[in-house]
Every structure is written in C-alpha cells, then in structure tokens.
Amino acid sequence: MSKLTKVEELKTKNSPNLLTTKRFVIRKSLIGKNTIINFVNKKQENVSYNHDEVYNTHKDKFEQMNCFQKYKSYTNSNCVPKFCRNLQTIT
C-alpha cells in the first residue's frame with residue numbers, strides 16, 4: 001500500500017461523501033462528515049442535500065426533537081420537512 005501524500009489527504013478530507021438512502025435523514029453520526037445525501041421520495045422525485053448545512057441551519061430544532069435525543073437521528077420517508085425546504089442546498 002502506498003502512503004497518501006498531504007495533498008491527496010486534504011482532497012480526501014475535503015471531498016464530500018455521497019450517501020444514497022430511501023428517505024430524508026439527519027444523523028448525529030454524520031455531523032461534520034461533509035456528506036451529500038441523495039434519496040428518491042414516494043413521488044419518484046430525486047432529492048439531494050448537504051447534511052451538515054441542513055443540520056447547522058436547524059440545529060436547535062433537531063436537538064429539541066425527542067427522536068433525535070433518543071435515537072440520534074431524524075428521518076422522513078415521504079419528503080423533505082417543510083422547515084428545511086427553503087434551503088438552497090436542497091435540489
């Protein structure tokens with residue numbers, strides 16, 4: 001195995017991770033990982049968003065949710081939640 005050079009290491013750290021799921025999800029384990037999430041909703045619409053930007057914009061709201069406190073995640077299988085739809089990162 002070859003060692004990564006400093007430049008390759010930085011590229012790897014800064015390049016976004018891509019994750020394909022079946023639903024909208026915000027997880028504590030993905031915070032700070034620079035993850036772009038893609039899912040297809042029930043209307044067969046392709047939705048992509050930057051996990052960190054959605055979380056950071058609505059951090060207080062997520063942290064107050066019982067599901068987020070108990071399970072360390074928030075999911076929505078139908079669509080992007082209304083409070084997140086206005087973000088420019090959601091396409």
Side-chain angles (χ1 to χ4, degrees):
M1 291 184 113
S2 64
K3 286 186 173 181
L4 288 176
T5 65
K6 292 279 184 191
V7 173
E8 289 172 329
E9 251 180 65
L10 287 173
K11 284 181 183 177
T12 302
K13 286 181 182 176
N14 293 332
S15 62
N17 298 312
L18 301 176
L19 177 65
T20 301
T21 67
K22 294 182 179 181
R23 62 189 54 86
F24 177 89
V25 62
I26 297 293
R27 293 185 194 138
K28 282 192 177 186
S29 63
L30 293 175
I31 296 169
K33 305 276 178 150
N34 194 24
T35 303
I36 303 297
I37 298 179
N38 183 52
F39 75 96
V40 178
N41 65 15
K42 290 186 178 185
K43 294 179 182 178
Q44 298 305 306
E45 299 168 328
N46 192 23
V47 180
S48 294
Y49 60 96
N50 182 307
H51 179 275
D52 289 342
E53 187 168 330
V54 172
Y55 173 76
N56 290 330
T57 302
H58 299 290
K59 181 179 180 176
D60 293 337
K61 187 166 187 77
F62 288 119
E63 293 293 337
Q64 292 175 1
M65 293 179 177
N66 290 334
C67 62
F68 203 71
Q69 291 173 11
K70 186 173 182 178
Y71 302 109
K72 299 178 177 29
S73 69
Y74 169 83
T75 62
N76 188 324
S77 58
N78 295 319
C79 59
V80 175
K82 285 185 181 182
F83 64 89
C84 296
R85 290 182 193 160
N86 63 340
L87 294 177
Q88 291 180 350
T89 60
I90 297 180
T91 55

Practice item. Following the transitive rule for hydrophobic clusters with a side-chain heavy-atom cut-off under 4.5 Å over Ile, Leu, Val, Met, Phe, Trp and Tyr, establish whether Val25 and Ile36 coincide in one cluster. Key: no
Review point. Hey, quick one: are Val54 and Val80 part of the same hydrophobic cluster, counting side-chain heavy atoms closer than 4.5 Å, chains of contacts allowed?
Key: yes
Can you tell me how far apart [atom1] ([X]) and [atom2] ([Y]) are? Round to the nearest 0.5 Å.
| X | Y | atom1 | atom2 | value |
| --- | --- | --- | --- | --- |
| Met65 | Tyr71 | CE | OH | 15.0 Å |
| Leu18 | Ile37 | CG | CD1 | 10.5 Å |
| His58 | Gln64 | NE2 | CD | 13.0 Å |
| Ile31 | Lys72 | CD1 | NZ | 10.5 Å |
| Lys59 | Ile26 | NZ | CD1 | 13.0 Å |

Check your understanding: Could you walk me through whether Tyr49 and Cys84 pass the side chain to side chain contact (heavy atoms under 4.5 Å, CB included) check?
Key -> CA-CA 10 Å; Tyr49 60 96; Cys84 296; over 6 Å; no
**Study point:** Residue pair Arg85 / Cys79: nearest heavy atoms and the distance that separates them
**Key:** NH2-SG, 3.1 Å
Point to revise | Shortest non-hydrogen contact from Thr75 toward Arg23 | key: CB-CD, 3.6 Å
Revision key, fill the gap. Residues at least two apart in sequence or cross-chain that pass side-chain contact (heavy atoms from CB on, under 4.5 Å) with Asn41, listed by chain then number, are Phe39, Lys43, Glu45, Val47
Practice item. Could you verify whether a donor N or O on one side chain and an acceptor N or O on the other, from Asn34 and Asp52, lie under 3.5 Å apart? Key: no
Check your understanding: Within the side chain of His51, is there an N or O that forms a donor-acceptor pair under 3.5 Å with the backbone of Arg27?
Key -> yes
**Study point:** Sub-6.0 Å ring centroid separation between Phe62 and Phe83
**Key:** yes
Check your understanding: Is it true that atom NZ of Lys28 has more than 12 heavy atoms of other residues, nucleotides or ligands lying nearer than 6.0 Å?
Key -> yes
**Study point:** Stepwise side chain to side chain contact (heavy atoms under 4.5 Å, CB included) check, Tyr55 with Leu30
**Key:** CA-CA 10 Å; Tyr55 173 76; Leu30 293 175; over 6 Å; no
Revision key, fill the gap. Sorted by chain and residue number, the salt bridge (Lys or Arg N to Asp or Glu O under 4.0 Å) partners of Lys22 (sequence neighbours excluded) come out as none
